[in-house]
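Beneath this line is the structure, given in structure tokens, with notes to follow.
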2 protein chains.
Amino acid sequence: MRDPVVPDAPVANVIPVVGDDGGQDAIGPSLDVRVVLFTIADGRLQVVLHDEAGHASLPLGTPAPAEALDGAARRIVRGAAGLRERYLEQLYTLSVGEPPAWTVIVGYLGLVGAGEPRALRPGGEWHDAARLPQLSEADRMVVEYALLRLRAKLGYTTIAFHLLPETFTFSELQGAYEAVLGQPLDKRNFRRRVIAAGILAPTNAKRREGSHRPAMLYRFRARHDRETYLTPPWSEGA
Amino acid sequence: MRDPVVPDAPVANVIPVVGDDGGQDAIGPSLDVRVVLFTIADGRLQVVLHDEAGHASLPLGTPAPAEALDGAARRIVRGAAGLRERYLEQLYTLSVGEPPAWTVIVGYLGLVGAGEPRALRPGGEWHDAARLPQLSEADRMVVEYALLRLRAKLGYTTIAFHLLPETFTFSELQGAYEAVLGQPLDKRNFRRRVIAAGILAPTNAKRREGSHRPAMLYRFRARHDRETYLTPPWSEGA
DNA sequence: GCAAAAGTGTTGTGTATACACCCATGG
DNA sequence: CCATGGGTGTATACACAACACTTTTGC
């Protein structure tokens, strides 16, 4: 039978299923929340890292007792990075290390709009997503997955708008897509699809910024289709 | 500025970002892994619940120190339910309750093929996914999200095969889709699409099981496109 | 021969792709 | 007047939905 055979659990000592005790007897893991915070600058996708003592790491923090995980992630963005995110989504949870360094890591994806202030607290720095310094195994995994999800969601959600300022030109929007996907897109087809989606509201303003025709400015028409995001209904999303 | 404004964190006391200490000083949450285990029986989508003392709950367990979360989920399926899953995927992590009952729950989605033995340990029972008994808030959320993900993934992955026996007829496959989606599908369009996807290998066998024309048996052609699943590259999937 | 499920095509409609030129402006 | 990015349309291929009848078998 050729069939997805699943290997046995690595540690596999049988721990009985607990009903609903506190579970405080065994030594628990430490828990931390890490955020992969993206923005677009100079037409390139960037990520916040904390460089300390020569090695870089994702901004992270420990949830306060009973603090919602989304709340902890928000707090990390605000506190550690000094930023205000526009979108936040839980990615994946993994368990790394051996006791007593056993840690459960909850990874988050965050987006910062190009309109917001993006100055970072000391120690934090924006890095090109394409050329990241060496990271821990765990951080690498989280970043890699964040990128995978972000790229995939460009296709079927309006997530890209959270990377832009409040009003923006078509070229900026297209540039955001290209920066995330890492490949150029056809201008006419791009416009057609975005317009067909009906998610842009034109403003009357134009942006004049060079010796060429001024560009029309648009605004994201909120229609925040939670539906298509495949995000759990209870999560607070953006 | 009409714009995804994010409310402040609920608990919002500033906890400094920790570098990489063990974090063992604050009281930690208890951690459990819960699995929403689906199968198809009698043409209906079913879920394992543990009925104890009158109220039902998802099968759950506590990860052993340093045990991978996927491993813990597998162990729960094997141990608590007495089953062997064909597919397993992490869903979401949530933090519920107040100290000292503070619990971090990692939710999993599991699939059991209709070919496998599906007898459950005492206390476990298969319930129609459409008519579940009352569950805790947390369990309800996890089940609801599992269904959402499963339905969505039917559309762009081959996940449905993990709900079927090793060989199956077209009608069984279509029935699985219909059971999960909760709506009928057109036979001809369904066949065309599945064949076009090139994921079925015909066997020579036929199934004869009534006073009507025997059906051709197919086998899933493994091509396990991890790609399309949008599952993290490090997860062990099925 | 009849009941019951298996199997099979065509047509229309919409959606995605490929592709090249004129427009408005500043200097 | 020229360099620069802004803005526009068409033709073709492909994907998806709607829809009904013939085939093979057991009884």
Side-chain angles (χ1 to χ4, degrees), chain A residues 40 42-44 114 151-158 160 164-165 167-179 181-219 225 228, chain B residues 40 42-44 114 151-158 160 164-165 167-179 181-219 225 228:
Chain A
I40 289 182
D42 307 322
R44 294 194 311 279
R151 290 204 174 113
K153 287 210 165 172
L154 273 198
Y156 59 93
T157 69
T158 55
L164 293 174
T167 66
F168 48 85
T169 67
F170 248 110
S171 297
E172 286 173 314
L173 178 56
Q174 182 174 344
Y177 272 79
E178 292 175 334
L181 296 175
Q183 64 172 349
L185 300 172
D186 180 89
K187 193 162 42 154
R188 286 167 293 184
N189 293 333
F190 181 79
R191 289 173 97 91
R192 192 186 2 263
R193 258 182 306 158
V194 172
I195 289 170
I199 49 183
L200 286 192
T203 66
N204 296 339
K206 300 197 175 198
R207 170 174 307 160
R208 168 184 353 265
E209 60 160 355
S211 56
H212 54 82
R213 180 171 174 176
M216 189 73 180
L217 285 172
Y218 294 84
R219 174 191 304 276
D225 338 84
T228 68
Chain B
I40 289 183
D42 307 322
R44 294 194 311 279
R151 290 203 174 114
K153 287 210 165 172
L154 273 198
Y156 58 94
T157 69
T158 55
L164 292 174
T167 66
F168 48 85
T169 67
F170 248 110
S171 297
E172 286 173 313
L173 178 58
Q174 183 174 343
Y177 272 78
E178 291 174 335
L181 296 175
Q183 65 173 348
L185 300 172
D186 180 89
K187 193 161 44 152
R188 287 167 290 185
N189 293 334
F190 181 80
R191 288 174 97 92
R192 192 185 4 264
R193 257 182 307 157
V194 171
I195 289 170
I199 49 183
L200 286 193
T203 66
N204 295 341
K206 299 196 173 198
R207 170 174 307 160
R208 169 183 353 262
E209 60 160 352
S211 56
H212 54 80
R213 178 170 174 176
M216 189 73 181
L217 284 171
Y218 293 85
R219 174 193 302 279
D225 339 83
T228 68

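Side chains are part of it too, since the values below use all heavy atoms of this structure and drop only hydrogens, waters and symmetry mates.
- Of the two residues contacting DNA chain C, namely S211(A) and E209(B), the nearest-nucleotide position lying further toward the 5' end is that of E209(B).
- Partner of N189(A) under the side-chain hydrogen bond (donor to acceptor under 3.5 Å, both in side chains) criterion, out of K187(A), R192(A), R193(A): R192(A) alone.
- The NZ-P distance, from K206(A) to dC23(C), rounds to 15 Å in whole Å.
- Heavy atoms from other residues, nucleotides or ligands lying under 6.0 Å from CZ of R208(A) number 12 at most.
- Residues A114(B) and I40(B) come closest through the heavy atom pair CB-O, 4.1 Å.
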Would you be so kind as to tabulate the donor-acceptor pairs closer than 3.5 Å made by side chains of residues 194-206 of chain A, with sequence neighbours excluded?
from	atom 1	to	atom 2	distance (Å)
T203(A)	OG1	A205(A)	N	3.4
T203(A)	OG1	L217(A)	O	2.7

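- Of the possible donor and acceptor atoms, none in the side chain of E172(A) sits under 3.5 Å from a partner among the backbone N and O of L164(A).
- What separates CZ of F168(A) from P of dG6(D) is a distance of 14 Å, to the nearest Å.
- If you measure from atom CD of Q174(B) to atom P of dG7(C), you get 11 Å, rounded to the nearest angstrom.
- Considering only residues two or more places apart in sequence or on other chains, R191(B) meets the salt bridge (charged side-chain N to carboxylate O under 4.0 Å, His left out) condition with none of them.
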Report summary line: 5' to 3', nucleotides 7-15 of chain D under a 4.0 Å protein heavy-atom cut-off (B base, S sugar-phosphate only, - none) gives BBBB-----
